[in-house]
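What you see is a predicted model, and the numbers here were worked out from it, not measured in a lab. FYI, the numbering just counts along the sequence from 1. Computed from heavy atoms alone, side chains included, the values below leave out hydrogens, waters and symmetry copies.
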Amino acid sequence: MVVSDKIGDFLQQFGIPRPNIALLVSLGVVFGAQQLVPAYRDNYKNWYPKLKKPRWTPPNWMFPAVWIPLKCMQVAALWLVWEKSPGPIIGPDGQLDTAVLPLAIFLIHLALGDIWNVSFFGHRQMKPSLAWMAAFWLSIAGCIITFRPISTLASNLMLPTITWVCIAAKLNWDIVALNAKRM
């Protein structure tokens with residue numbers, strides 16, 4: 001019996017409906033990970049607006065408008081992979097659960113997105129942030145590839161994220177090029 005089943009059984013003893021623990025944890029992991037990074041509000045308000053940017057730069061309001069639905073799709077993708085996981089990390093045969101690698105890559109993807117934010121906005125390291133952006137992109141590609149055998153839908157739910165990160169990477173690249181003298 002997995003932990004979520006034990007929690008569900010415990011809650012049902014008190015007449016509380018069985019929650020989908022995997023979905024709740026997925027929600028907490030995806031939206032909680034970004035809370036681990038300090039909000040660099042001064043840099044968003046004072047430093048970033050002063051940078052030279054390409055003409056095609058999306059308006060500032062677009063970033064949260066895009067990232068919130070992307071994060072919701074990531075919650076669903078994580079939940080789908082977790083739900084299809086056969087059970088414990090190491091099975092009775094000593095083999096790793098098929099979902100361990102995809103779930104680990106997903107957590108790495110969350111960490112790399114946060115590291116990029118710290119590098120670019122927190123430390124204002126525009127050029128080094130390009131390497132973090134590349135690693136971030138690769139981790140999303142890793143999620144897409146490793147999710148597919150477990151859940152095609154989960155894999156497909158990550159496609160909009162990698163598309164947006166391609167746009168963000170190009171923007172990052174252009175900002176570095178346009179502000180080379182500031183570095």
Side-chain angles (χ1 to χ4, degrees), residues 25-82 101-148 150-183:
V25 171
S26 297
L27 187 68
V29 165
V30 171
F31 283 97
Q34 69 189 46
Q35 299 307 313
L36 298 174
V37 175
Y40 297 105
R41 287 186 180 89
D42 288 341
N43 289 347
Y44 292 129
K45 291 179 183 175
N46 300 319
W47 174 71
Y48 182 72
K50 293 176 185 171
L51 294 174
K52 293 178 187 173
K53 294 179 218 48
R55 288 185 183 168
W56 62 269
T57 300
N60 288 341
W61 62 264
M62 188 176 285
F63 292 93
V66 170
W67 273 113
I68 291 170
L70 291 177
K71 291 292 184 183
C72 291
M73 286 185 265
Q74 291 173 28
V75 167
L78 176 59
W79 172 67
L80 287 166
V81 171
W82 186 355
L101 179 62
L103 294 173
I105 292 172
F106 186 86
L107 294 175
I108 290 167
H109 132 263
L110 291 175
L112 288 169
D114 287 348
I115 291 168
W116 177 86
N117 272 305
V118 170
S119 177
F120 187 86
F121 287 107
H123 298 292
R124 300 179 185 182
Q125 296 176 336
M126 292 184 285
K127 198 168 187 179
S129 73
L130 291 170
W132 291 115
M133 181 63 79
F136 182 44
W137 187 94
L138 287 170
S139 68
I140 298 165
C143 288
I144 292 166
I145 292 165
T146 60
F147 283 12
R148 189 152 306 273
I150 298 168
S151 169
T152 302
L153 178 57
S155 178
N156 290 343
L157 284 168
M158 296 299 290
L159 293 172
T161 298
I162 203 164
T163 302
W164 182 248
V165 170
C166 286
I167 294 166
K170 174 64 171 137
L171 179 60
N172 193 168
W173 180 272
D174 287 355
I175 289 172
V176 168
L178 290 170
N179 294 277
K181 291 181 182 178
R182 290 182 165 213
M183 296 183 282

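Note on residues 48-65: pairs passing side-chain hydrogen bond (donor to acceptor under 3.5 Å, both in side chains), not counting sequence neighbours, are Trp56-Asp174.
Here the closest heavy-atom approach between residue Pro69 and residue Ala65 is recorded as CD-O, 3.0 Å. The shortest non-hydrogen separation linking Ala76 to Leu157 is CB-CD1, 3.7 Å.
Met126 is listed as a side-chain neighbour of Phe120, based on a closest heavy-atom distance under 4.5 Å. Between Leu107 and Val29 the shortest side-chain heavy-atom distance falls below 4.5 Å. No side-chain heavy atom of Pro102 sits under 4.5 Å from any side-chain heavy atom of Trp82. Counting heavy atoms from C-beta outward, Thr146 and Ser155 have side chains that stay 4.5 Å or more apart.
For the atom pair Thr161 OG1 and Trp137 CH2, the distance stands at 13.0 Å (nearest 0.5 Å). Taking CZ from Arg148 and CG from Leu153, the interatomic distance works out to 10.0 Å, rounded to the nearest 0.5 Å. A distance of 9.5 Å separates OG in Ser139 from CD1 in Ile144, rounded to the nearest 0.5 Å. The CG atom of Leu138 lies 11.0 Å from the SG atom of Cys143; values are rounded to the nearest 0.5 Å. We find the CG-NZ distance between Asn172 and Lys127 to be 12.5 Å, quoted to the nearest 0.5 Å. With rounding to the nearest 0.5 Å, the separation of SG in Cys166 from CD1 in Ile140 is 8.5 Å.
Dense packing is recorded around CH2 of Trp47, with more than 12 heavy atoms of other residues, nucleotides or ligands lying under 6.0 Å away.
The side chain to side chain donor-acceptor pair (under 3.5 Å) test applied to Ser119 returns no partner, not counting sequence neighbours. With sequence neighbours left out, Trp164 forms a side chain to side chain donor-acceptor pair (under 3.5 Å) with no residue at all. Contacts of Val30 classified as side-chain contact (heavy atoms from CB on, under 4.5 Å), with partners at least two apart in sequence or in another chain: Lys71, Gln74, Val75, Leu78, Phe106. Listed by chain and number, the residues in a ring pair (Phe, Tyr, Trp, His ring centres under 6.0 Å) with Phe147 amount to none (sequence neighbours excluded). Every residue two or more places apart in sequence or in another chain that forms a side-chain contact (heavy atoms from CB on, under 4.5 Å) with Ile115 is listed here: Leu112, Trp132.
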